[in-house]
Protein chains: 2
Amino acid sequence: MEKNSKINPPCDEKCPVRASLSLLSGKWTLMILFQINENAVRYGELKRSVTGISEKMLIQELNMLVENKLVSKKVFPEIPPKVEYRLTELGLKTLPIVDQLAQFGLENLV
Amino acid sequence: MEKNSKINPPCDEKCPVRASLSLLSGKWTLMILFQINENAVRYGELKRSVTGISEKMLIQELNMLVENKLVSKKVFPEIPPKVEYRLTELGLKTLPIVDQLAQFGLENLV
DNA sequence: TTGGGTACTTACCAAATGGTTAGAATTACT
DNA sequence: AGTAATTCTAACCATTTGGTAAGTACCCAA
């Protein structure tokens with residue numbers, strides 16, 4: 001008989017928490033998703049609203065999010081260029097996570 | 001008049017999402033909280049249930065969590081040593097975040 | 001006296017992450 | 001001709017983070 005037949009299964013590759021974190025645990029990731037939220041947001045707007053992020057990190061994260069289908073990108077063939085980002089259906093499903101983070105922060109930290 | 005008077009305020013130091021992330025965004029942090037959950041859990045149990053974590057990371061994170069009052073630590077003066085960790089009231093309030101991560105993972109990733 | 005169990009600690013090194021700076025591309029405006 | 005606007009890209013370096021391996025301390029059991 002196992003000594004620790006816990007309620008919780010161990011947290012290996014199949015752990016849903018771990019799987020989500022491998023996608024979302026970057027320093028900026030959830031903040032970017034939070035700022036895009038339900039809108040179509042331009043690159044420059046994001047740069048201003050995610051205070052302190054560098055351009056390198058911002059596009060790097062955006063590319064990663066587009067690759068992982070959390071964010072979609074629409075390029076307008078104009079000069080000067082215009083690019084809009086918005087959450088995909090999958091991306092929208094991360095908003096409850098962000099909401100919980102926001103609530104925890106509001107109630108206990110800020 | 002500002003061009004981008006968005007619905008969302010910008011994400012600076014007072015952003016509750018950012019504040020929460022500065023506490024919780026480590027690679028292992030939320031997985032550890034998840035594994036402790038509502039129980040009293042020994043160090044060795046955690047080492048086994050958070051698969052793949054090194055001892056160094058585990059105590060480092062645990063110390064950090066105790067310092068930040070998310071986790072409490074009870075040392076039993078026995079040989080061999082026995083130490084139990086459990087979530088504080090504040091720590092318990094992170095479980096909804098973890099739940100959302102788990103749900104997102106279950107529905108979309110695993 | 002050797003080994004096992006438990007909870008750490010330390011030192012060293014490797015990899016991941018993030019910041020700074022500069023520049024490219026294109027058109028319009030002055 | 002020079003400057004501004006916007007969205008990137010690239011090179012370089014510093015910091016942070018994480019892993020490995022070994023060691024400490026204590027008692028018990030074989």
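Below, each value reflects all heavy atoms present in this structure, side chains not excepted, and no hydrogens, waters or symmetry copies. Chain letters run A, B, ... following the sequence lines, proteins first, then strands; residues in each count from 1.
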Spacing of [X] atom [atom1] relative to [N] atom [atom2], expressed in whole Å:
X     : N      : atom1 : atom2 : result
B:E78 : C:dT6  : CD    : P     : 12 Å
B:K82 : C:dC8  : NZ    : P     : 13 Å
B:L21 : D:dT16 : CG    : C1'   : 17 Å
B:F76 : D:dA25 : CZ    : P     : 24 Å
B:I79 : D:dC26 : CD1   : C1'   : 4 Å

At under 4.0 Å, does any side-chain N or O of A:R42 touch on OP1 or OP2 of D:dT6?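 Negative; the distance criterion is not met.
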Taking 4.0 Å as the cut-off, does a side-chain nitrogen or oxygen of A:K73 come that near to OP1 or OP2 on D:dC8?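 Indeed, a polar side-chain atom of A:K73 lies that close.
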Listing, residues 75-84 of chain A side-chain donor-acceptor contacts under 3.5 Å, not counting sequence neighbours, or none:
none

Please report the end-to-end axis angle for the helix from C:dT1-D:dA30 to C:dT30-D:dA1, five pairs per end, rounded to 10 degrees.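 Between the axes fitted at each end of the helix from C:dT1-D:dA30 to C:dT30-D:dA1 lies an angle of 30°.
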So [Y] and [X], do their side chains get closer than 4.5 Å, heavy atoms only?
X     : Y     : answer
A:L70 : A:L23 : yes
A:Y43 : A:L62 : yes
A:I53 : A:M31 : no
A:L21 : B:K27 : no

Contact class for B:Y85 (heavy atom, under 4.0 Å): base, sugar-phosphate, or nothing?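 The residue B:Y85 makes sugar-phosphate contact but no base contact.
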Would you tabulate the side-chain donor-acceptor contacts of residues 94-110 of chain B under 3.5 Å, counting partners in other chains and residues two or more places apart, or write 'none'?
| residue | atom | partner | partner atom | Å |
| --- | --- | --- | --- | --- |
| B:T94 | OG1 | B:G91 | O | 2.6 |
| B:Q103 | NE2 | B:E107 | OE2 | 3.3 |
| B:N108 | OD1 | A:K93 | NZ | 3.4 |
| B:N108 | ND2 | B:F104 | O | 3.0 |

Who pairs with B:E38 by side-chain hydrogen bond (donor to acceptor under 3.5 Å, both in side chains), at least two apart in sequence or on another chain?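 Scan of B:E38 (side-chain hydrogen bond (donor to acceptor under 3.5 Å, both in side chains), adjacent residues dropped) gives none.
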Pairs where residues 49-75 of chain B contributes a residue and the test salt bridge (Lys or Arg N to Asp or Glu O under 4.0 Å) is met, not counting sequence neighbours: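 Only B:K47-B:E55 qualify under salt bridge (Lys or Arg N to Asp or Glu O under 4.0 Å).
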So which one's nearest nucleotide on DNA chain C is more toward 5', A:P80 or A:K27?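 So the residue in question is A:K27.
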Can you spot which of B:N37, B:N39, B:L92 makes a side chain to side chain contact (heavy atoms under 4.5 Å, CB included) with B:L87?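 Running side chain to side chain contact (heavy atoms under 4.5 Å, CB included) over B:N37, B:N39, B:L92 with B:L87 returns exactly one hit, B:L92.
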Under 4.0 Å from any atom of DNA chain D, heavy atoms only: list the residues of residues 52-68 of chain B that qualify, in numerical order.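 DNA chain D contact set from residues 52-68 of chain B: B:S54, B:K56, B:M57.
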